[in-house]
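Working notes, beginning with the structure itself.
Here is the naming used below: chain letters follow the sequence lines, and residue numbers restart at 1 for every chain.
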There are 2 protein chains.
Amino acid sequence: MNPIGNLNKIFESRIRLGVMSVLMVNNEVNFNDLKQMLEVTDGNLASHLNTLEENGYIKVYKGFIGRKTNTTYAITTAGEKAFKGHLVALEHMIKFTK
Amino acid sequence: MNPIGNLNKIFESRIRLGVMSVLMVNNEVNFNDLKQMLEVTDGNLASHLNTLEENGYIKVYKGFIGRKTNTTYAITTAGEKAFKGHLVALEHMIKFTK
DNA sequence: ATTTTAGCTTTGTATTGCAAAGTGCTTTTT
DNA sequence: AAAAAGCACTTTGCAATACAAAGCTAAAAT
């Protein structure tokens with residue numbers, strides 16, 4: 001009945017949607033690649049990554065390439081589940097409109 | 001490349017998404033029906049309807065049933081186009097993640 | 001005459017979004 | 001060796017939502 005009842009509030013943000021979408025296809029993506037793919041400022045990206053992490057949807061790996069810091073982000077099982085659920089809800093909504 | 005580059009900012013809102021979705025399948029829907037379908041407060045709905053109208057995505061028809069006011073909302077051609085574009089962008093994003 | 005309904009507007013608060021600047025560490029450039 | 005630049009942030013600050021709740025007007029129902 002309510003076409004938006006099953007949409008996940010966390011994924012209302014365009015940028016968070018984008019992050020999840022990128023992390024669904026790429027196992028691990030670093031900060032800069034995400035930043036370039038989504039065309040956002042670093043501060044903005046960092047804060048959205050934060051809320052995704054706080055919700056347990058992504059994991060952060062802080063490592064090094066040689067002695068240079070390298071932070072990568074990956075989707076968690078919970079994140080994958082939540083995102084897929086959201087996509088299903090979106091698909092239902094889309095189907096509903098046709 | 002950017003999976004969220006073509007998403008329409010106006011449709012980031014869950015409620016506006018819902019309104020458009022409902023108006024895609026029903027030619028004309030009145031205020032109260034929308035309110036019940038989307039389970040929102042009237043003030044909140046009114047303000048979202050306002051931004052949709054300001055953007056030319058919906059039309060408002062103020063009429064009467066007998067002598068009782070009856071306001072209905074319908075999607076415009078521009079609204080349909082914009083919403084369909086957004087759905088295509090969503091579908092691309094979804095396809096991208098699979 | 002009072003209450004209820006429809007469709008708002010107004011008010012107020014809390015949250016969000018985002019840019020810009022700052023930070024600490026490291027690497028690269030000069 | 002010093003300066004510049006990159007990485008991954010945090011902090012600051014402001015402006016734009018989001019939303020609930022209350023108020024409001026005219027008509028309808030009781």
Side-chain angles (χ1 to χ4, degrees), chain A residues 2-5 7-23 26 28-55 57-75 86, chain B residues 2-5 7-23 26 28-55 57-75 86:
Chain A
N2 183 343
I4 54 169
L7 295 178
N8 187 328
K9 244 203 145 201
I10 301 294
F11 302 138
E12 255 189 272
S13 150
R14 214 165 75 271
I15 295 175
R16 289 197 293 268
L17 256 184
V19 169
M20 294 302 283
S21 171
V22 168
L23 294 185
N26 306 97
E28 292 200 12
V29 182
N30 67 29
F31 191 86
N32 252 291
D33 287 349
L34 272 176
K35 187 183 151 188
Q36 277 162 30
M37 290 178 88
L38 302 175
E39 300 169 57
V40 283
T41 57
D42 48 4
N44 195 4
L45 176 58
S47 87
H48 285 294
L49 288 172
N50 230 323
T51 60
L52 286 173
E53 200 199 349
E54 277 165 18
N55 281 275
Y57 290 169
I58 64 171
K59 269 178 301 208
V60 183
Y61 299 106
K62 277 165 197 294
F64 293 90
I65 291 182
R67 287 173 58 198
K68 197 176 171 181
T69 60
N70 184 59
T71 312
T72 60
Y73 302 88
I75 207 163
H86 184 73
Chain B
N2 182 345
I4 55 170
L7 295 177
N8 187 330
K9 242 202 146 201
I10 301 294
F11 302 137
E12 255 189 271
S13 151
R14 215 164 76 268
I15 297 175
R16 290 196 293 267
L17 254 184
V19 169
M20 294 302 284
S21 171
V22 169
L23 294 186
N26 306 96
E28 291 199 13
V29 182
N30 67 28
F31 191 86
N32 250 292
D33 288 348
L34 271 176
K35 187 182 148 187
Q36 278 162 30
M37 292 179 87
L38 303 176
E39 299 169 58
V40 284
T41 56
D42 49 3
N44 196 3
L45 176 58
S47 86
H48 284 294
L49 288 171
N50 230 322
T51 59
L52 286 174
E53 201 199 348
E54 277 165 16
N55 282 274
Y57 291 169
I58 63 172
K59 269 179 300 208
V60 184
Y61 300 105
K62 279 167 197 293
F64 294 88
I65 292 183
R67 285 173 58 200
K68 197 176 173 181
T69 58
N70 183 62
T71 313
T72 61
Y73 301 87
I75 208 164
H86 184 73

Say you draw a straight line from [atom1] of [X] to [atom2] of [Y]; how long is it, rounded to the nearest 0.5 Å?
{"X": "B:S21", "Y": "B:I15", "atom1": "OG", "atom2": "CD1", "result": "13.5 Å"}
{"X": "A:L49", "Y": "A:I58", "atom1": "CG", "atom2": "CD1", "result": "4.5 Å"}
{"X": "A:N30", "Y": "A:T72", "atom1": "CG", "atom2": "OG1", "result": "7.5 Å"}

Does a nitrogen or oxygen in the side chain of [X] sit under 4.0 Å from OP1 or OP2 of [N]?
{"X": "A:N70", "N": "D:dA8", "value": "yes"}
{"X": "B:T41", "N": "D:dC19", "value": "no"}
{"X": "B:N44", "N": "D:dA20", "value": "yes"}
{"X": "A:H48", "N": "C:dC18", "value": "yes"}
{"X": "B:R16", "N": "D:dA18", "value": "yes"}
{"X": "A:T71", "N": "D:dC9", "value": "yes"}
{"X": "A:N32", "N": "D:dG6", "value": "no"}

Write down the distance between [atom1] ([X]) and [atom2] ([N]), rounded to a whole number of angstrom.
{"X": "A:E12", "N": "D:dT17", "atom1": "CD", "atom2": "P", "value": "14 Å"}
{"X": "A:L52", "N": "C:dG17", "atom1": "CG", "atom2": "C1'", "value": "14 Å"}
{"X": "B:K35", "N": "D:dA21", "atom1": "NZ", "atom2": "C1'", "value": "12 Å"}
{"X": "B:Y61", "N": "C:dC8", "atom1": "OH", "atom2": "P", "value": "14 Å"}
{"X": "A:E54", "N": "D:dT10", "atom1": "CD", "atom2": "C1'", "value": "14 Å"}
{"X": "B:D33", "N": "C:dT5", "atom1": "CG", "atom2": "P", "value": "15 Å"}
{"X": "B:I10", "N": "D:dA18", "atom1": "CD1", "atom2": "P", "value": "9 Å"}
{"X": "A:K62", "N": "C:dC25", "atom1": "NZ", "atom2": "P", "value": "14 Å"}

Exercise for the section: Name the nucleic acid region contacted by B:S13, choosing base, sugar-phosphate or nothing; use a 4.0 angstrom heavy-atom cut-off, strictly under. Expected result: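 Sugar-phosphate only.
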Practice task
Quick one: label A:N50 by what it contacts on the DNA or RNA (base, sugar-phosphate, nothing), any heavy atom closer than 4.0 Å.
Solution key: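 The answer is sugar-phosphate, as A:N50 gets under 4.0 Å only of primed atoms, P, OP1 or OP2.
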Handout entry: Smallest separation among heavy atoms of A:S13 and A:H48, with atom names
Key =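 Closest approach of A:S13 to A:H48, heavy atoms only: OG-CE1, 3.5 Å.
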Exercise for the section: Grab the two heavy atoms, one from A:G18 and one from B:I4, that are nearest each other, plus how far apart they are. Expected result: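 Heavy atoms of A:G18 and B:I4 come nearest at CA-CG2, 3.4 Å.
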Practice task
Identify which nucleotide among D:dC19, C:dC8, D:dA8 has an atom closest to any side-chain atom of B:I15, counting heavy atoms from C-beta outward.
Solution key: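 Nucleotide nearest to B:I15's side chain: D:dC19.
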Practice task
Could you check which of C:dT9, C:dG7, C:dC18 has an atom nearest any side-chain atom of B:F31?
Solution key: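 Selected nucleotide (nearest to the side chain): C:dG7.
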Practice task
Please tell me which of A:K9 and A:N30 maps to the more 5' nucleotide of DNA chain D, matching each residue to the nucleotide holding its nearest heavy atom.
Solution key: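 Here A:N30 is the residue nearer the 5' end.
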Handout entry: Closest-nucleotide 5' rank along DNA chain C - winner of A:G43 and A:T69
Key =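 Its nearest nucleotide being more 5', the pick is A:G43.
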Problem - Side-chain-base donor-acceptor pair under 3.5 Å for A:D42 and D:dC9 - result: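 Counting by modelled atom types and ignoring angles, a donor-acceptor contact under 3.5 Å is found here.
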Handout entry: Under 3.5 Å: donor-acceptor pair, side chain of A:N8, backbone of A:I10
Key =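 Yes; judged by distance alone, with no hydrogens or angles, the pair exists.
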